[in-house]
Amino acid sequence: MRWIFFIILFSVAVYAQDGQRETVTDFSGSYVAKGFRPGEEYTATPSYVIRCVIQRKGDYYIIRWYENNKLAYYGLGLHVSNVLSASYL
């Protein structure tokens, strides 16, 4: 099973980790991210659920985040080692 974690500030870092320490060669796919917005209290239920679609385009990635089935953010990412770093609008 692959897990994905997001740090949403001015940029995004995505780290994929499988059960074993293997190098991720391609982050392409559809993911679901759950979390809390800045300043919100942490509870058992996340304050947002976002679907993230990542497409590889040569040396970079196109990343789209959808909230409530509407495009919320759009960005570009670079893959170095086991980390995908992205900027978004």
Side-chain angles (χ1 to χ4, degrees):
M1 175 178 262
R2 182 183 276 186
W3 292 91
I4 193 161
F5 301 95
F6 289 95
I7 301 170
I8 300 179
L9 299 171
F10 294 106
S11 63
V12 176
V14 179
Y15 174 75
Q17 178 179 338
D18 291 334
Q20 302 170 2
R21 291 283 182 179
E22 61 184 57
T23 301
V24 178
T25 57
D26 190 358
F27 280 92
S28 295
S30 183
Y31 301 88
V32 174
K34 299 176 183 180
F36 299 92
R37 289 183 167 71
E40 291 182 335
E41 185 176 326
Y42 294 107
T43 62
T45 305
S47 65
Y48 69 84
V49 176
I50 291 182
R51 183 172 56 93
C52 177
V53 178
I54 302 174
Q55 292 178 289
R56 186 174 185 171
K57 297 288 184 182
D59 291 339
Y60 65 95
Y61 289 83
I62 294 176
I63 306 168
R64 294 177 183 92
W65 291 268
Y66 295 90
E67 190 168 14
N68 298 321
N69 291 322
K70 293 182 181 178
L71 183 63
Y73 305 100
Y74 180 87
L76 297 176
L78 296 175
H79 178 194
V80 177
S81 185
N82 239 17
V83 176
L84 175 65
S85 298
S87 294
Y88 66 92
L89 299 173

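All figures in this text were calculated on a predicted structure; none of them were measured in a lab. Because only heavy atoms are used, hydrogens play no part in the values below, and waters and symmetry mates are left out as well, while side chains stay in.
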**Q** Distance check, rounded to the nearest 0.5 Å: Tyr66 atom OH versus Tyr73 atom OH?
**A** 14.5 Å
**Q** Between CG of Leu71 and CZ of Arg51, what distance do you get to the nearest 0.5 Å?
**A** 10.0 Å
**Q** Mind listing the closest non-hydrogen atom pair of Leu84 and Gly77 along with its distance?
**A** CD1-C, 3.9 Å
**Q** Does Ile50 reach the side chain of Tyr31, with side-chain heavy atoms less than 4.5 Å apart?
**A** no
**Q** If every non-hydrogen atom of Val49 is compared with every non-hydrogen atom of Glu67, which pair is closest and at what distance?
**A** O-CG, 4.2 Å
**Q** Are Leu76 and Val83 connected into the same hydrophobic cluster when the rule is that any two of I, L, V, M, F, W, Y join if their side-chain heavy atoms are below 4.5 Å apart?
**A** no
**Q** Is it the case that one hydrophobic cluster holds both Ile63 and Tyr88, taking links as side-chain heavy atoms less than 4.5 Å apart, direct or via other members?
**A** yes
**Q** For Gly75 versus Trp65, what's the shortest heavy-atom pair and its separation?
**A** N-CZ3, 3.8 Å
**Q** To the nearest 0.5 Å, what is the distance between OH (Tyr61) and CG (Leu78)?
**A** 10.0 Å
**Q** Considering all heavy atoms of both residues, which atom of Pro46 and which atom of Gly35 are nearest to each other, and what is their separation?
**A** CB-O, 3.4 Å
**Q** Which heavy-atom pair separates Ser47 from Arg37 by the least distance, and what is that distance?
**A** OG-N, 3.4 Å
**Q** Could you tell me the separation between the OG atom of Ser28 and the NZ atom of Lys57, rounded to the nearest 0.5 Å?
**A** 9.5 Å
